[in-house]
Amino acid sequence: MNQIYYYTLQEHLLAVILVSVWLIILWKQLRQRKIKIHITTEQELKEYKKLKRAGFWYTLLYLCFGIMALTYSIFPRFIYIFIPIAQLDKPFVNIMGLLIMGLALVWIIIAQLDIDKEIFKHSIGLHSLSPVKLLYYFERTLIFGMVLLFAGLFTTISNFAGLGLVITSIIIYLKLFTVPKGPKRMNKLWVER
């Protein structure tokens with residue numbers, strides 16, 4: 001019974017990884033309309049570079065989690081490399097991780113559909129936000145879905161490497177998207193929705 005459970009968990013994890021690759025990477029590549037970024041101020045250039053840097057870090061984090069999930073699904077005897085947390089390797093915890101990943105996939109789908117809608121509005125001139133502010137909004141919603149996905153992956157395959165990656169992703173997200181206090185707030189690009 002227990003062996004069957006782990007085979008099913010490995011198959012589900014592999015399916016989630018494949019679906020998330022399609023949702024995060026391929027959807028962006030297959031998008032019909034693209035938004036053109038025209039940077040007019042030094043502040044917009046700074047924010048644009050910051051978003052690109054964050055995108056790079058999240059791509060690296062996603063790659064690390066992908067390797068971890070593939071190792072767990074295809075080569076489970078090598079999972080010890082990531083220093084497993086045996087106390088969290090329980091069916092209930094693993095199922096909660098799969099549910100969190102399912103929620104993350106739904107969030108990412110909604111974010112991608114919202115991005116497509118906003119790009120369409122911008123392309124026909126119905127949007128008043130600057131392209132950099134739109135990009136900021138897009139990245140914030142999509143990256144939050146990725147943070148949820150990372151948390152679900154960590155919950156499913158509980159190990160110290162995954163914990164470190166989740167903490168890193170949360171720190172990057174908070175550093176990039178939290179509203180600063182005091183006079184710094186006026187210098188940032190914030191999208192009010």
Spacing of [atom1] belonging to [X] relative to [atom2] belonging to [Y], to within rounding of 0.5 Å:
X   : Y    : atom1 : atom2 : result
M68 : L63  : CE    : CG    : 10.5 Å
K50 : K46  : NZ    : NZ    : 7.5 Å
T8  : E11  : OG1   : CD    : 5.5 Å
F65 : Y72  : CZ    : OH    : 14.5 Å
T71 : I157 : OG1   : CD1   : 8.5 Å
N94 : L13  : CG    : CG    : 9.5 Å

Inset, instruction - Treating Ile, Leu, Val, Met, Phe, Trp and Tyr as nodes and any side-chain heavy-atom pair under 4.5 angstrom as an edge, say whether L149 and L18 lie in one connected cluster. - result: no
Legend entry - Transitive ILVMFWY side-chain link W22 to V106, under 4.5 Å: no
Inset, instruction - Using atom types as modelled and distance alone, determine if a side-chain donor or acceptor of S20 lies under 3.5 Å from a backbone N or O of I17. - result: yes
Legend entry - Check: G55 main-chain N/O paired with E139 side-chain donor or acceptor under 3.5 Å: no
Using a 4.5 Å cut-off on heavy atoms from C-beta on, say whether the side chain of [Y] contacts that of [X].
X    : Y    : value
F150 : L165 : no
T156 : V16  : no
T155 : L99  : no
K52  : F56  : no
S158 : D89  : no
V166 : L153 : no
T168 : W57  : no

Report all side-chain donor-acceptor pairs from residues 141-148 shorter than 3.5 Å, counting only partners two or more places apart or in another chain.
| from | atom 1 | to | atom 2 | distance (Å) |
| --- | --- | --- | --- | --- |
| T141 | OG1 | Y137 | O | 3.3 |
| T141 | OG1 | F138 | O | 3.0 |

Legend entry - Where A151 and I100 come nearest, the two heavy atoms and their spacing: C-CG2, 4.4 Å
Inset, instruction - Kindly give the heavy-atom pair with the smallest separation between F154 and L163, and that separation in Å. - result: CD1-N, 3.4 Å
Inset, instruction - Could you point out which residue of I108, D114, I109, I110 forms a side chain to side chain contact (heavy atoms under 4.5 Å, CB included) with Q112? - result: I108
If you look only at distance, which donor and acceptor atoms sit under 3.5 Å apart when one is on a side chain in residues 74-88 and the other is two or more places apart or in another chain?
none

